[in-house]
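Worksheet: the structure to be examined is printed underneath.
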Amino acid sequence: MTRTLFSLATAALLALSAAPLTAQDTPAPAPDATITAAEDQGPLRIEITGGQVEPMPIAVAPFFDEGGAGELAGQIQQVVTADLTGTDLFREIPADAHVAKPTAFDDAIAYPDWRAINAEALILGAVAVQGDDVTVKFRLYDVFSGQPLGDGMQFDAPREGWRRVAHKVADQVYARVTGETAYFDSRVAFISETGPKDARLKRIGIMDYDGANPIWVTDDADLVVSPRFSPDGNSLLYTSFASGMPQIMLMDVASVQSRPLKMEAGTMSFAPAFSPDGRWIVYSREKGGNTDLWQMDVATGAERPLVETQAIETSPSYSPDGRQIVFESDQSGSQQIYVMAADGSGEPQRISFGEGSYGTPAWSPKGDLIAFTNQQGDSFHIGVMRPDGTEEKMLTESFLDEGPSWAPNGRVVMFTRATPGGEGTSRLHSVDVTGRNMRPLDIEGAASDPDWGPLLP
């Protein structure tokens with residue numbers, strides 16, 4: 001495939017966004033002499049086991065310009081704050097309510113002043129820019145215990161990667177306070193949609209988790225659907241209709257070069273997914289009007305059937321340990337969810353028994369839940385259940401919700417929500433696994449079919 005100027009420019013941007021950032025610890029300043037008996041309390045922590053959670057009040061002091069940063073210091077602070085408050089687990093205390101006014105990154109912390117405004121956590125940050133490089137450092141403080149929460153950290157990156165640095169800072173704060181892995185420094189592959197509803201033009205984009213920095217890795221000359229990241233985020237599977245029939249393509253994300261996977265003539269292939277180790281691809285293959293699940297060795301192209309019935313089997317997703325596959329099938333007479341051994345041994349076991357039909361299952365990265373689409377009459381839901389089908393819970397309800405994809409930490413689900421009518425459009429939304437904090441993604445234009453990639457290095 002000839003590399004165009006479009007693909008070369010895109011490849012350069014993708015290489016920048018995926019490049020590892022340099023991080024190092026920064027020493028904490030000496031503790032303030034005004035620490036009170038509050039330091040006998042346990043470590044600062046948000047417990048997010050489910051149900052209603054009261055957001056933690058946090059103070060984010062204005063990030064300091066330590067040379068050449070200018071407006072960039074404030075922009076980085078804004079992204080850090082937006083990441084944290086966007087989870088609905090944190091509530092920012094406005095800067096005009098701050099009693100303490102630090103004048104430098106290494107100032108001693110006046111804990112009583114921060115306690116006076118009921119801040120439970122405090123973030124200090126500083127930004128320096130030299131040439132094409134940016135350095136960002138931060139410290140997180142437990143206000144009520146009067147001590148730092150972990151070590152400070154410093155990140156060094158190209159200036160163009162400043163948003164990634166901000167996400168890295170927020171990831172560290174989130175992880176230290178919640179005890180969970182964060183998800184801010186990650187990317188989402190999706191389908192951008194333009195044109196009338198009955199003649200949509202579609203192209204694949206890759207963007208930051210929050211909708212920023214979209215980059216187009218295909219054009220809209222051919223219909224494309226179902227982008228799916230590899231476990232390391234370096235490859236992308238998708239289905240293309242360029243030949244007139246659906247065929248799975250494999251893209252190298254860094255070079256934006258694609259090639260068709262080896263398939264038997266006269267067959268259609270679609271709905272691909274990688275195994276957790278990246279060795280296998282499981283997908284749907286249609287031949288002679290029958291759609292079954294097949295598996296391919298990525299290195300050799302060798303294929304073999306996993307499920308062969310007279311029913312339609314599609315939308316496969318691996319368990320995080322690679323031992324099982326969840327998929328949808330109508331072998332029982334209606335669209336339902338099944339789980340089977342990844343090697344094809346044994347019989348698939350149906351796990352969905354609620355009202356309506358079920359589809360598009362996606363196994364959580366934590367392995368504890370399977371997300372799915374459920375249709376009951378004229379309503380669509382995004383729901384979750386245990387891998388054995390128990391503890392089913394609907395998270396959303398609308399005219400059309402479908403296609404869930406998990407954040408890298410298994411805490412948030414992203415999905416497509418479409419509005420009705422001839423002028424209806426599709427937008428990406430996210431919702432916490434508890435059913436809280438549902439919100440649309442801030443991205444221009446119609447979008448669908450998200451796939452949330454792994455944390456970046």
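Just so it is clear, the structure is predicted and the values come from calculations on it, not from any experiment.
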Between [atom1] on residue [X] and [atom2] on residue [Y], distance to nearest 0.5 Å:
| X | Y | atom1 | atom2 | result |
| --- | --- | --- | --- | --- |
| W363 | I325 | CH2 | CD1 | 9.5 Å |
| T178 | L84 | OG1 | CG | 10.0 Å |
| Y209 | L456 | OH | CG | 13.0 Å |
| L455 | S186 | CG | OG | 6.0 Å |
| S319 | I370 | OG | CD1 | 8.5 Å |
| M385 | M394 | CE | CE | 7.0 Å |

Using a 4.5 Å cut-off on heavy atoms from C-beta on, say whether the side chain of [Y] contacts that of [X].
| X | Y | answer |
| --- | --- | --- |
| Y141 | L149 | no |
| V79 | W162 | yes |
| M207 | I215 | no |
| M251 | S235 | no |
| F270 | T314 | yes |
| D210 | H167 | yes |
| I337 | V326 | yes |
| T239 | M249 | no |

Report the C-alpha separation of E92 and T85 in whole Å, then their side-chain angles, then the decisive distance to 0.1 Å, and conclude whether the side-chain hydrogen bond (donor to acceptor under 3.5 Å, both in side chains) test is met. CA-CA 7 Å; E92 182 192 13; T85 57; 5.9 Å; no

Tell me yes or no: between the side chains of [X] and [Y], is some donor less than 3.5 Å from an acceptor?
| X | Y | answer |
| --- | --- | --- |
| E328 | S315 | yes |
| Y238 | S258 | yes |
| S448 | E193 | yes |
| D107 | T103 | yes |
| D156 | T135 | yes |

I want to know whether [X] and [Y] have ring centres closer than 6.0 Å.
| X | Y | value |
| --- | --- | --- |
| Y174 | F184 | yes |
| F380 | F399 | no |
| Y358 | F372 | yes |
| F229 | W452 | no |

Any carboxylate oxygen within less than 4.0 angstrom of a Lys/Arg side-chain nitrogen, looking at [X] and [Y]?
| X | Y | result |
| --- | --- | --- |
| E66 | K137 | yes |
| R417 | D401 | yes |
| D132 | R159 | no |
| R163 | D208 | yes |

I would like to know whether Q376 and N374 meet side-chain hydrogen bond (donor to acceptor under 3.5 Å, both in side chains); could you show each step before the answer? CA-CA 7 Å; Q376 298 180 33; N374 170 261; 2.8 Å; yes

If you take all heavy atoms of [X] and [Y], which pair is closest and at what distance?
| X | Y | value |
| --- | --- | --- |
| F105 | L124 | CE1-O, 3.6 Å |
| A119 | A59 | CB-CB, 4.1 Å |
| V169 | V136 | CG2-CG1, 4.1 Å |

From the list R228, R427, K202, salt bridge (Lys or Arg N to Asp or Glu O under 4.0 Å) partner of D449 resolves to R228

Just do the side-chain hydrogen bond (donor to acceptor under 3.5 Å, both in side chains) check on E402 and T416 with the steps written out, would you? CA-CA 5 Å; E402 62 180 349; T416 304; 5.6 Å; no

Could you give me the CA-CA distance, side-chain angles and deciding distance for K168 and D185, then say whether salt bridge (charged side-chain N to carboxylate O under 4.0 Å, His left out) is met? CA-CA 6 Å; K168 285 290 190 187; D185 187 28; 3.1 Å; yes

